[in-house]
Protein chains: 2
Amino acid sequence: MGRTVTIRDVAALAQVSVGTASRVLSGSPATSAAARERVTAAARRLGYRPNAQARSLRSTRTHTIGLLVSDVRNPFFADVAHAAEQAALAAGYVTLLANANEDTRQQDTYLETFLFQRVDGVIAAPQGAGGGDLASLVERGVPLVFVDRTVEGFEVPSVTADNDSGTREAVAHLARRGHTRIGYIGGPTSISTGRLRADAFVRAIAEHGLDPDPALIAHGDFMSASGGRCADALMSVPRPPTALLIADSPMAIGALTALRRRRVRIGTDVDLVAFDDVEWLSELDPPLSVVAQDAAAMGRAAVRLLFDVIGGRTPESVVLPTRLIVRRSSSGAAPEPAPEPVPAQGPAPAAPAPAPAPKPPSPSKGRP
Amino acid sequence: MGRTVTIRDVAALAQVSVGTASRVLSGSPATSAAARERVTAAARRLGYRPNAQARSLRSTRTHTIGLLVSDVRNPFFADVAHAAEQAALAAGYVTLLANANEDTRQQDTYLETFLFQRVDGVIAAPQGAGGGDLASLVERGVPLVFVDRTVEGFEVPSVTADNDSGTREAVAHLARRGHTRIGYIGGPTSISTGRLRADAFVRAIAEHGLDPDPALIAHGDFMSASGGRCADALMSVPRPPTALLIADSPMAIGALTALRRRRVRIGTDVDLVAFDDVEWLSELDPPLSVVAQDAAAMGRAAVRLLFDVIGGRTPESVVLPTRLIVRRSSSGAAPEPAPEPVPAQGPAPAAPAPAPAPKPPSPSKGRP
DNA sequence: ATCCTCCATGGAAACCTTTCCATGGAAAGC
DNA sequence: GCTTTCCATGGAAAGGTTTCCATGGAGGAT
């Protein structure tokens, strides 16, 4: 392997001092053309690569950001992570990936690690009350930005989706379809999106004068299996709901599986709307209506905000709009025969309601 | 923010030398109980956090690994990344995430960055001929492990799936179903899995005496959109295929969308089998038959191999088995009425063929 | 021609830790 | 009781870079 080549070697070959070599290599203006020429040539010739550790030891800048999500396997966070990582790279920053797995302890482990690694900033989809290491971060003045979620009591810029309007839009859509008993599968209350969406749901139900039966509200953990459990629970109450609003896509998949096992026909017996848009949700059986949020935009915005904070500014939080996309899981179109059944109508705040007539939960097995 | 607390402060408070403090904090055995006690107390009291940069500058160990995948938004790589990251964490390593986006230039950018960051090792799903920085890595002796893919001419331990047997199993299954013209949507030939699976496909077709028409082979780029383009292309040849084998799940989604647009009924007009298992593929319309590979096991194995390399050993490459899971997209079961249609038969190398009778590409619209 | 200014340069300190080496003291062995 | 061994400790060097400070030379202004 040989000794690694240092700036000293470059300086020697270029016949300048290490100081000059450093200035040239880090693009300081105080250099002569001659020196620039010789140093860059020497560096190239030796295949010199600056040592990031040494550099950041001296300059206290690591050009590293920490990205804490709950789980990259959740397609929503995969999108966020991908977008954030690419945006960071474009600015010369590398990204430390952390999967907290919706676990406060793992979250703390990672925040510790970020501190240890002296990251220049942290983008986090936080979990829990934010007592532990989240507090240490702000205390130590580590630039911090929240994405997707927030934590109460933290004065931290954030990028979130408009949970309230998204939820209302979905409920309004289902109400127009004639549903009065709408079930809700939400996330844990220890997560802001879990709380906000649930609250918005309750308010929207009230506004539309629908059945506020608390038995119609279930709380999962944003992961697939819990979606199935919640769907089973909701369908087991005396008068089961005729429509379901689900707070994220993994739980929607879980619910879908559970419902199928129960022989519940989605879009026919029960309407379904889920949060998060993912390409393949439109390829499901049936295609899923969704409250879409632009995860990539979220990731990019988070990076932008973080760089603002790093730069000493105090950016405003960003709330991104959501957008209801109605597909067959909540449009009651005929499942198979109809070609191109519903032309995937886009933002449809006041779309023409196909059939405002109440649709009783028909337990009949025959095709309509 | 105040000055950050260093080991010097800890030593001062504990009334020992920095040397002793260092030894205690890094767990050297050459310390007295008294010193251990005083130093740890002081460190806790001051909230001391070692500076990873300084530490690794001296010890040339960064406890960081680089993980280069093509795109975390691909659920397969999301699984790999998640598993690898968690396994690394368990060993006290942090993971630098890199999305090469199937782009050789971005790949090189990242490998440069890894070099710059002095990662202790790299796990890569490599792309291209591996001329550029991949070579620099091995040249500089950076521990390297390939995952999912390999590059010819590189003596690098790898974790891959058994592409050959997976492909054969899928083709055998389709052949048993009576298909003679099977279409193939593969990846780019610049990627080993793209080449290997395509080669295996061609061989399997020959072995079964099926139609080796080269017009039935299309090459995408492993990303969703290309799956659609390829499906369109394949269905446009004079005598279109009656079954499709697709080399990864994003392209399968793209193909599914394209086929649906063409009013091709999957599992009826055309059978479909795709590589990669992902939970929701079984929730698609229809549920997709897959050649499943255990992405999480791959990620974990890659980390294990990498630690072996870091530890100076030379581990054997690992080839993980694949497993054909037949679902409705290639089992011709009645789509809706039949409850629990096919009990998702597991590894079925010699499963009872449902109907060895050739099934002509019936353009009839009637249900069987 | 002289002085001043400016600027590129070299040298050295600083960043924070680990690790090597020497030292001193205590325990152990004769 | 004296020597040897062992081991915890302190001090200092080393790791590679950036940055500060001083210096010297060149060019411009008077």
Side-chain angles (χ1 to χ4, degrees), chain A residues 1-40 42-43 46-64 92 113 115-120 140, chain B residues 1-40 42-43 46-64 92 113 115-120 140:
Chain A
M1 239 189 312
R3 238 187 75 285
T4 83
V5 15
T6 77
I7 201 172
R8 202 174 307 274
D9 304 321
V10 175
L13 180 59
Q15 302 188 330
V16 297
S17 71
V18 286
T20 303
S22 168
R23 274 182 290 263
V24 168
L25 292 170
S26 53
S28 156
T31 52
S32 70
R36 267 195 297 275
E37 165 118 11
R38 289 224 303 282
V39 170
T40 46
L46 296 174
Y48 168 71
R49 260 172 247 268
N51 180 317
Q53 274 72 41
R55 174 173 287 183
S56 46
L57 174 59
R58 178 63 226 218
S59 61
T60 64
R61 274 307 188 75
T62 57
H63 282 264
T64 305
T113 304
L115 242 25
F116 174 56
Q117 293 287 337
R118 299 289 199 274
V119 296
D120 287 346
R140 285 171 183 255
Chain B
M1 235 190 314
R3 238 185 76 283
T4 83
V5 16
T6 78
I7 200 172
R8 202 174 307 275
D9 304 320
V10 175
L13 180 58
Q15 302 189 330
V16 296
S17 71
V18 287
T20 303
S22 169
R23 275 183 288 263
V24 169
L25 292 170
S26 53
S28 156
T31 52
S32 69
R36 267 196 296 277
E37 164 116 9
R38 288 224 303 281
V39 170
T40 46
L46 295 174
Y48 168 71
R49 259 171 249 268
N51 180 319
Q53 274 73 41
R55 173 173 288 183
S56 47
L57 175 58
R58 177 66 226 220
S59 61
T60 65
R61 275 305 189 75
T62 57
H63 282 263
T64 305
T113 305
L115 241 25
F116 174 57
Q117 293 287 337
R118 299 290 200 275
V119 296
D120 287 346
R140 286 170 183 255

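Every chain is numbered from 1, with letters handed out A, B, ... down the list of sequences.
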May I ask you to verify if any side-chain N or O of S32(A) is less than 4.0 angstrom from the OP1 or OP2 atom of dT9(C)? yes

Output for pair (T62(A) OG1, Q53(B) CD), nearest 0.5 Å, gives 6.0 Å

Just to confirm, is there a sub-4.0 Å distance from OP1 or OP2 of dC16(C) to any side-chain nitrogen or oxygen of T4(B)? yes

Closest to side chain of A30(B), choosing from dT9(C), dT17(C), dA8(D): dA8(D)

Once you round it to whole Å, what is the distance between C1' of dG10(D) and CD of Q15(B)? 14 Å

Go through dT17(C), dT17(D), dT9(D) for me and flag the one nearest to the Y48(A) side chain. dT17(D)

Going through the checks in order, is the side-chain contact (heavy atoms from CB on, under 4.5 Å) test met by R140(B) and L115(B)? CA-CA 9 Å; R140(B) 286 170 183 255; L115(B) 241 25; 4.0 Å; yes

Starting at atom CD of Q117(B), determine the distance to atom P of dG16(D), rounded to an integer number of angstrom. 16 Å

Just how far, in rounded Å, is C1' of dT18(C) from CG of L57(A)? 12 Å

Residues that R49(A) engages under salt bridge (charged side-chain N to carboxylate O under 4.0 Å, His left out), provided they are two or more places apart: E112(B)

Just to confirm, is there a sub-4.0 Å distance from OP1 or OP2 of dT17(D) to any side-chain nitrogen or oxygen of S59(A)? no

Taken to the nearest whole Å, CZ/R38(A) to C1'/dT9(C) is 11 Å

Length of the line joining R8(A):CZ and dA14(D):P, which is rounded to integer Å: 11 Å

Below 4.0 angstrom from OP1 or OP2 of dA14(D), is there any side-chain N or O of R58(B)? no

Just checking, is any N or O donor in the side chain of R36(A) or T31(A) under 3.5 Å from an acceptor N or O on the other one? yes

Closest nucleotide of DNA chain D for Q53(B) versus for V16(B): which of these residues is on the 5' side? V16(B)

A54(A) side-chain proximity, nearest of dA8(D), dT17(D), dG10(C): dT17(D)

Length of the CG-P vector between N51(A) and dG15(D), whole Å: 12 Å

Quick one: on DNA chain D, does R55(B) or R23(B) contact a more 5' nucleotide (nearest heavy atom)? R23(B)

Using a cut-off of 4.0 Å on non-hydrogen atoms, how would the nucleic acid contact of S22(B) be classed: base, sugar-phosphate, or nothing? base

Any side-chain heavy atom of V10(B) within less than 4.5 Å of one from L13(B)? no

Think S17(A) has a side-chain N or O under 4.0 angstrom from the OP1 or OP2 of dG11(C)? no

In this structure, how many angstroms lie between the C1' atom of dT19(D) and the CD1 atom of I7(A), rounded? 12 Å

Find which nucleotide of DNA chain C each of P29(A) and V18(A) is nearest to by heavy atoms, and output the residue with the more 5' nucleotide. P29(A)

L25(B) atom CG is separated from dT9(D) atom C1', nearest whole Å, by 15 Å

